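Contents: one structure, followed by commentary.
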Amino acid sequence: MPREPLSTRSYASTIGGVLLSASLLPGLAFGVDQPADSAGVAINLLGPSSAEVGDVFDIGVALTNTSREDGPPNPLPPGISAIIRPGASIAMKVACQDAMCVNPAPGRLEFLSCDPMVAGASCSFDGNNTVTFTYASSVSLPFGSTIPVGSISVRALSAGSEVIWQRGDTIGPGSGVEPEFAVLTQGSNPTYANASGTREVRLNADPVVEIIKQVSCDGGASWVKDCTAPAAQPMRLRYLVTNPNTRTIGSCTLTESNAAFGDPTSFISAQVLDPSQQIVVSQGFQTPLCSTSEGGEPNTARVSCTQYNGVTVPAFFAESTADFDCIYPTPTPTPTPTPTPTPDDPPPVPPIPAMGSIGFGLMGVGLAALGLILGFRRRG
């Protein structure tokens with residue numbers, strides 16, 4: 001994410017509008033021989049209050065003459081000026097787990113560069129967690145004024161959401177009776193002062209990814225979450241993968257639980273999804289029949305990613321399930337065939353009547369004939 005550099009003008013005006021002063025915390029800005037709220041300097045640290053992991057941002061450093069005119073018993077003359085002593089420096093801890101930086105947190109913020117904003121000043125990084133601004137010559141800090149010290153460019157690398165502190169401490173030149181950072185001129189009675197300043201920034205690393213799995217039972221004409229198809233129908237799957245974050249995601253893998261389809265070959269793990277981007281991932285040429293792939297149903301797709309805003313983070317994933325059923329044809333019953341006689345079979349033999357039946361038949365014929373004869377005689 002591009003950052004906006006801090007200019008001397010915008011820097012001073014920002015500080016004048018919102019003083020993130022060390023004097024807000026007890027004992028962080030003080031004068032040695034005067035009450036803390038009477039004569040002293042303060043370190044002001046500026047920057048965003050929150051950042052996404054992978055963001056590049058600036059930590060601004062400035063000094064303010066916090067001296068003020070108090071009444072008795074220790075009235076101060078008006079217009080107290082502070083002089084930053086030659087060889088004095090400000091040591092900035094880039095990342096800490098607490099405000100006092102008792103527990104440094106190197107590696108949470110990646111140092112990129114530093115930029116001193118005072119002529120003749122320099123800055124250096126120790127390769128671990130500290131950036132030091134050093135004054136080669138004295139610098140005047142007029143009464144009530146704020147002057148920029150410099151800026152530090154960093155990239156958030158934290159793998160999780162957390163609060164990170166930055167802390168700055170003045171360091172005297174180490175020469176003379178008073179080793180303090182600055183001298184506040186009060187006529188013939190100078191006051192020496194050191195200062196510290198802290199700020200916090202919340203690093204956000206809660207990326208998510210979304211996936212919708214769909215199945216087609218009609219060759220790709222329509223896509224749904226579940227459907228029914230003939231057993232001989234080739235089945236098709238597709239996946240809608242979305243990045244709902246405000247930063248990019250990448251290094252993603254897509255897997256399919258139904259072994260008949262296998263993992264989609266069209267998904268490229270090196271692909272980076274922009275914020276709010278959605279891609280359609282097809283199953284490719286793997287279109288098994290419904291009957292041969294039904295055993296793996298319902299099936300689940302899983303997308304897992306390990307990159308957020310260009311930074312490697314713990315894996316985050318999403319899953320989606322789709323389902324389909326097969327229709328099998330109903331078998332038609334086969335009729336039992338009637339056996340056909342063969343030429344070698346003998347012709348059927350009619351049944352022979354029983355003897356009793358033959359006798360009764362002859363007797364009936366005889367009686368009928370006798371009746372006819374008797375009838376003719378009577379007519380004659």
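Atoms considered below: every heavy atom in the structure, side chains included; atoms not considered: hydrogens, waters and symmetry mates. Owing to the predicted nature of the structure, the values given are computational and were not obtained by experimental measurement.
- Considering all non-hydrogen atoms of both residues, R167 and A99 come closest at NH1-O, 3.5 Å.
- Note on residues 107-145: pairs passing disulfide (SG to SG under 2.5 Å), not counting sequence neighbours, are C114-C123.
- Using modelled atom types and a 3.5 Å distance limit, the side chains of T64 and N44 yield a donor-acceptor pair.
- Across all non-hydrogen atoms, the minimal contact from A121 to P116 is O-CG, 3.7 Å.
- Applying the side chain to side chain donor-acceptor pair (under 3.5 Å) test to pairs two or more places apart or on separate chains, none has a residue in residues 131-141.
- Residue F316 is grouped with residue I279 when hydrophobic side chains (ILVMFWY) are merged at heavy-atom distances under 4.5 angstrom, including chains of intermediate members.
- Taking the side chain as every heavy atom from C-beta outward, D55 and N309 approach each other to under 4.5 Å.
- Applying the disulfide (SG to SG under 2.5 Å) test to every pair with at least one member in residues 240-275, sequence neighbours left out, gives these pairs: C252-C305.
- The heavy-atom pair separating G168 from M92 by the smallest distance is CA-SD, 3.4 Å.
- In this structure the side chain of N243 never reaches within 4.5 angstrom of the side chain of V209, judged on heavy atoms.
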Report task. List the steps and the verdict of side-chain contact (heavy atoms from CB on, under 4.5 Å) for V215 and M235. Result -> CA-CA 8 Å; V215 60; M235 302 304 298; 3.9 Å; yes
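- At a threshold of 4.5 Å between non-hydrogen side-chain atoms, the residues F317 and V303 do not count as touching.
- Taking 4.5 Å as the limit, some side-chain heavy atom of L109 sits within range of a side-chain heavy atom of Q166.
- Between the CZ atom of R247 and the OH atom of Y308 there is a distance of 6.0 Å, given to the nearest 0.5 Å.
- With a 4.5 Å cut-off on side-chain heavy atoms, Y239 and P264 count as touching.
- Annotation: side chain of V149 is not in contact with side chain of V118 (no heavy-atom distance under 4.5 Å).
- Scanning both residues, V41 and A82, for their nearest heavy atoms gives CG1-CB, 3.9 Å.
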**Report entry** T321 vs T300, side-chain hydrogen bond (donor to acceptor under 3.5 Å, both in side chains): CA-CA, chis, key distance, verdict
**Finding:** CA-CA 4 Å; T321 300; T300 300; 3.0 Å; yes
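- Side-chain contact, D58 with S151: no donor N or O sits under 3.5 Å from an acceptor N or O.
- Here the CD atom belonging to E200 is positioned 11.5 Å from the CG atom belonging to D98, to the nearest 0.5 angstrom.
- D274 places no side-chain N or O within 3.5 Å of a backbone atom of Q278 that could act as its donor or acceptor partner.
- Linking ILVMFWY residues whenever their side-chain heavy atoms come closer than 4.5 Å, directly or via other members, leaves I83 and I171 in distinct clusters.
- By the 4.5 Å heavy-atom criterion applied to side chains, V53 and N204 are not counted as neighbours.
- Between atom CD of residue Q233 and atom OG of residue S293 there is a gap of 10.5 Å, rounded to the nearest 0.5 Å.
- Distance alone, capped at 3.5 Å, places no donor-acceptor pair between the R238 side chain and the G220 backbone.
- In this structure, a donor-acceptor pair under 3.5 Å is present between the side chains of D218 and S216.
- Using a 4.5 Å cut-off between side-chain heavy atoms of Ile, Leu, Val, Met, Phe, Trp and Tyr, I212 falls into a hydrophobic cluster with L240, V280.
- In terms of modelled atom types and a separation under 3.5 Å, the side chain of D325 and the main chain of C227 share no donor-acceptor contact.
- For the pair S49 and R199, the tightest heavy-atom approach, listed with the atom from each and the gap, is N-NH2, 4.0 Å.
- Side-chain contact of E210 with T242: a donor-acceptor pair under 3.5 Å is absent, judged by distance alone.
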Requested in this report: Could you please spell out the steps behind the side-chain contact (heavy atoms from CB on, under 4.5 Å) verdict for T306 and V313?
Outcome: CA-CA 5 Å; T306 58; V313 297; 5.6 Å; no
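- Judged by distance alone, the side chain of N65 and the main-chain N or O of S145 form no donor-acceptor pair under 3.5 Å.
- To the nearest 0.5 Å, atoms CG (L45) and CD1 (I152) are separated by 8.5 Å.
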Requested in this report: Go through the steps for N194 and T170 under the test side-chain hydrogen bond (donor to acceptor under 3.5 Å, both in side chains), then give the verdict.
Outcome: CA-CA 6 Å; N194 278 321; T170 59; 3.1 Å; yes
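- A search for side-chain hydrogen bond (donor to acceptor under 3.5 Å, both in side chains) contacts involving S320 returns K225, not counting sequence neighbours.
- The side chain to side chain donor-acceptor pair (under 3.5 Å) test with K93 is passed by exactly one of T130, D169, N129: T130.
- Taken together through direct or relayed side-chain contacts under 4.5 Å among Ile, Leu, Val, Met, Phe, Trp and Tyr, W223 and V281 form parts of separate hydrophobic clusters.
- Only one option out of V201, L46, V154 pairs with I59 in a side chain to side chain contact (heavy atoms under 4.5 Å, CB included); it is V154.
- For the atom pair SG (C290) and OH (Y328), the distance works out to 6.0 Å, reported to the nearest 0.5 Å.
- Under 4.0 Å is where a charged nitrogen must lie from a carboxylate oxygen, and between R202 and E162 no such pair does.
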Requested in this report: Starting from the C-alpha separation in whole Å, work towards a yes-or-no answer on side-chain hydrogen bond (donor to acceptor under 3.5 Å, both in side chains) for S113 and D115.
Outcome: CA-CA 7 Å; S113 63; D115 180 23; over 6 Å; no
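- Between C326 and E294, the shortest heavy-atom contact is N-OE2, 3.3 Å.
- When hydrophobic clusters are built by joining Ile, Leu, Val, Met, Phe, Trp and Tyr residues whose side-chain heavy atoms come closer than 4.5 Å, directly or via intermediates, F324 is grouped together with V224.
- D126 and N128 form no side-chain donor-acceptor contact under 3.5 Å, judged by distance and modelled atom types alone.
- Judged as a side-chain hydrogen bond (donor to acceptor under 3.5 Å, both in side chains), and not counting sequence neighbours, the contacts of E319 are R302.
- Here the CG-CZ distance, from L157 to F111, works out to 13.5 Å after rounding to the nearest 0.5 Å.
- Looking only at distances, a side-chain donor or acceptor of E256 sits under 3.5 Å from a matching main-chain atom of N258.
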**Report entry** Stepwise side-chain contact (heavy atoms from CB on, under 4.5 Å) test for I90 and L63
**Finding:** CA-CA 10 Å; I90 296 176; L63 287 170; 4.0 Å; yes
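- Linking Ile, Leu, Val, Met, Phe, Trp and Tyr residues whenever their side-chain heavy atoms come within less than 4.5 Å places L273 and L254 in a single cluster.
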Query raised in the report: Are I164 and C96 close enough, and set up right, to give a side-chain contact (heavy atoms from CB on, under 4.5 Å), and what steps lead you there?
Result: CA-CA 6 Å; I164 293 297; C96 302; over 6 Å; no
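- At least one side-chain heavy atom of P244 sits less than 4.5 Å from a side-chain heavy atom of V208.
- No donor-acceptor pair closer than 3.5 Å links the side chain of R85 to the backbone N or O of F181.
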